[in-house]
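Taking it in order: structure first as structure tokens, then the write-up.
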Amino acid sequence: MASENSGHFHEGQSNPSTEAVGTISFKWVFEFVRPHVLALSGVAALSIVATGIGLAQPYLTKFLIDDGLIARDSQMLATYCGLLFAAAIMSTALGGANRWYYLKVSARVLFAIREAVYEHMQRLSPRWYARKSRGDLMARIDGDVAEVQRFAIDPLLALSNSAIALAGSLALMISLSGELSLLAFVLLPLQVIYLRKLRPTVERRTRIVRERTGDITGFFLDRLQTMKLIQSSGAEDRELDKLGQLNQTYLKDLLSLQITNFFASAGPGLMTALMTTIVFLTGGMMVIYEAMSLGTLIAFSAYLARATGPVNTLLGLYVGLQRARVSLDRVRELMDAIPEVSSPATPISLPREANGTVELKTITFAFTASGAKGFDGATLNIQGGHKIGITGPSGVGKTTLIDLLLRHYDPDHGSLHLDGVNLTDLDLLELRSRVVVVAQDTVIVAGTIAENIAYACREATDEQIVQAAKSAQIDNDIQAFTDGYQTMLQTGGETLSGGQKQRLAIARALLQNPLVLILDEATASVDEDTAAEITRSVDALFGDRTRIVISHHPVALAGADQIVELVDGGFVRARIGQQGPQ
Ligand SMILES: Nc1ncnc2c1ncn2[C@@H]1O[C@H](COP(=O)(O)OP(=O)(O)O)[C@@H](O)[C@H]1O
Ligand SMILES: [Mg+2]
């Protein structure tokens, strides 16, 4: 049942590598553990020594009671008290060292897994993200990855530790009293059977609770970004109700899980209590009738308590395994999502004399198999260094054309070429550094204004950044801020106006020095004068580059070498008169 969702996570039904589904298993996880096997062995060795010292304690108690207290030997009493105290100090020190090393190793494994998942997610297309809830993705990359990591490490340690504690306790119990030991052998296996029965319920309810967590994370992620809309629409109460409902559903499912977990732990717990009762009844009789020494009974019950610990740990591992399987499935669904595009193994470089000639050769593209075709055999030639205007009704596919040019997607049929090279033959990094978009919405990242301008061009000097800002006519605005270029912006960038963000994006594009500059309704949110000014400076700064200008504003289209309109999946020459003044 865990895999019933995985179908939603694949794109491109036609993709031949879809069979790769399910390739990520526990084996994948252990690849991350492998580099740390040595350190883990150290941790295991430490805990084995600590366990050994722990095992010695009840035996020391036996001697303390029988040879010290009952024999009334104060010398012996002092010796065993000293030994017990020394053992306590050693096991505390070892326990501390053990946890420190454990944390170090497990954190490294966790980060490595998370980095691998994030690296993969960075390759997935906007189409994939458009279908995903951010809260769910957050829950997967955060909670589920951590669950998987815990499972990758904890059992290794728990197994070595518990197995030794269990074997040691059992051996010492048998040496103390064979008869009483039989009890343990009858009751322990019953616990195993009991927990197996609960398994599917644990798995199902864990998955549900994980999804609810994702819903709530998602709620906050979305609402924090739309707070202004919530306030201006007077939707506060409605949103608060939604949170209340989410919380209630979460609580209901959490309580169900809690009940399942209760039965998973109460059963073994009660059986342990039953076992202890029977041991004291039977063993107590033996002490009363002098078939056993008091020290032996005390030591035996101490070992019995020690043996149930590891048994519960081992059984808990089993429940943990189910939980980890749920999480692994959820992480696997991320890792199994197939990137739509990737760099070719042997990329072709752009020719030296590249001048930004763009060709669309009968391309066909639709977002969904059943959906309307955004492009249906569309063909377009854009001469290097020309300015081309593209118009067309909203939703016809203009932005999609840009996404195809940047290879966020590949066309279903046909091909796109830059200076004669098929885009699929170009290195993705090279393509995306030579074709640059100034979009309708400028994405601001958390950081200074200077960092935002240089986001796509990390090696830019301060002078280059200022020069780019001057050319984009935003330098004055930036100087007006108290911290100038060091002013901190937050994701979303509410401190900048629409026009300022747009000009920041133009400065960003200038630094990238593109062959092809695309303005996707880039001046839609600024006034006519500013639009004219920006258009003039773009045309002056990028006069020798290819400019693709998507706009309905005559001002932005001024001076275009050709203007086409995108209609019905193809391009037509735009009606005369749409071309702007002059
Ligand atoms: N990620 C997506 N998944 C499915 N459909 C999409 C996606 N992005 C855009 N579309 C659809 O594709 C069509 C073209 O969108 P777009 O290229 O943004 O139009 P515009 O010409 O206004 O820029 C629209 O009908 C839109 O709903
Ligand atoms: Mg658009």
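Counting convention: from 1, in listed order, for ligands and their atoms alike.
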Looking only at protein heavy atoms, which one is nearest to atom 3 (N) of ligand 1, and how far off is it? Phe367 CD2, 3.6 Å

Starting from atom 21 (O) of ligand 1, locate the nearest protein heavy atom and write down its residue, its atom name and how far away it is, to 0.1 Å. Lys398 N, 2.7 Å

Just jot down the ligand 1 atoms closer than 4.0 angstrom to any heavy atom of Val396, in number order. 19 (O), 21 (O)

Given side chains that start at C-beta, do those of His417 and Leu423 come closer than 4.5 Å, heavy atoms only? no

Under 3.5 Å, side chain of Arg210 to main-chain N/O of Arg140, donor-acceptor pair present? no

Is Gln383 atom CD crowded by more than 12 heavy atoms from other residues, nucleotides or ligands, each under 6.0 Å away? no

Side chain to side chain contact (heavy atoms under 4.5 Å, CB included) test vs Ile390 passes for just one of Val549, Leu557, Leu401, namely Leu401

Is it true that Gly374 lies under 4.0 Å from ligand 1, counting heavy atoms only? no

Strictly distance-based, threshold 3.5 Å: is any side-chain N or O of Asp419 a donor or acceptor partner for the main-chain N or O of Gly356? yes

Atoms of ligand 1, numbered as shown, that sit under 4.0 Å from any heavy atom of Ala130: 1 (N)

Counting backbone and side-chain atoms alike, is an N, O or S atom of Thr400 positioned under 2.8 Å from the Mg ion (ligand 2)? no

Under 4.0 Å from a heavy atom of Gly397: give me the atoms of ligand 1 that qualify, with their elements. 14 (C), 16 (P), 17 (O), 19 (O), 20 (P), 21 (O)

Atoms in ligand 1 with a heavy atom of Arg127 nearer than 4.0 Å: 1 (N)

Ligand 1 to Pro126 polar contact by distance, N or O atoms, under 3.5 Å: no

Between Asn452 and Tyr485, a side-chain donor and acceptor under 3.5 Å: no

What's the shortest distance from atom 15 (O) of ligand 1 to any protein heavy atom, and which residue and atom give it? Thr400 OG1, 3.7 Å

Please state whether Gly392 comes within less than 4.0 angstrom of ligand 1, counting heavy atoms only. no

Closest protein heavy atom to atom 26 (C) of ligand 1, given as residue, atom name and distance to 0.1 Å: Gly395 O, 5.0 Å

Roughly how far, to the nearest 0.5 Å, is CD1 of Ile474 from CZ of Arg508? 10.5 Å

Fit a plane to each ring of Phe571 and Phe375, take the angle between them on a 0 to 90° scale, and name the class: parallel (under 30°), tilted (30 to 60°) or perpendicular (over 60°). tilted

Top protein contact for atom 18 (O) of ligand 1, by heavy-atom distance: Thr399 CB, 3.6 Å

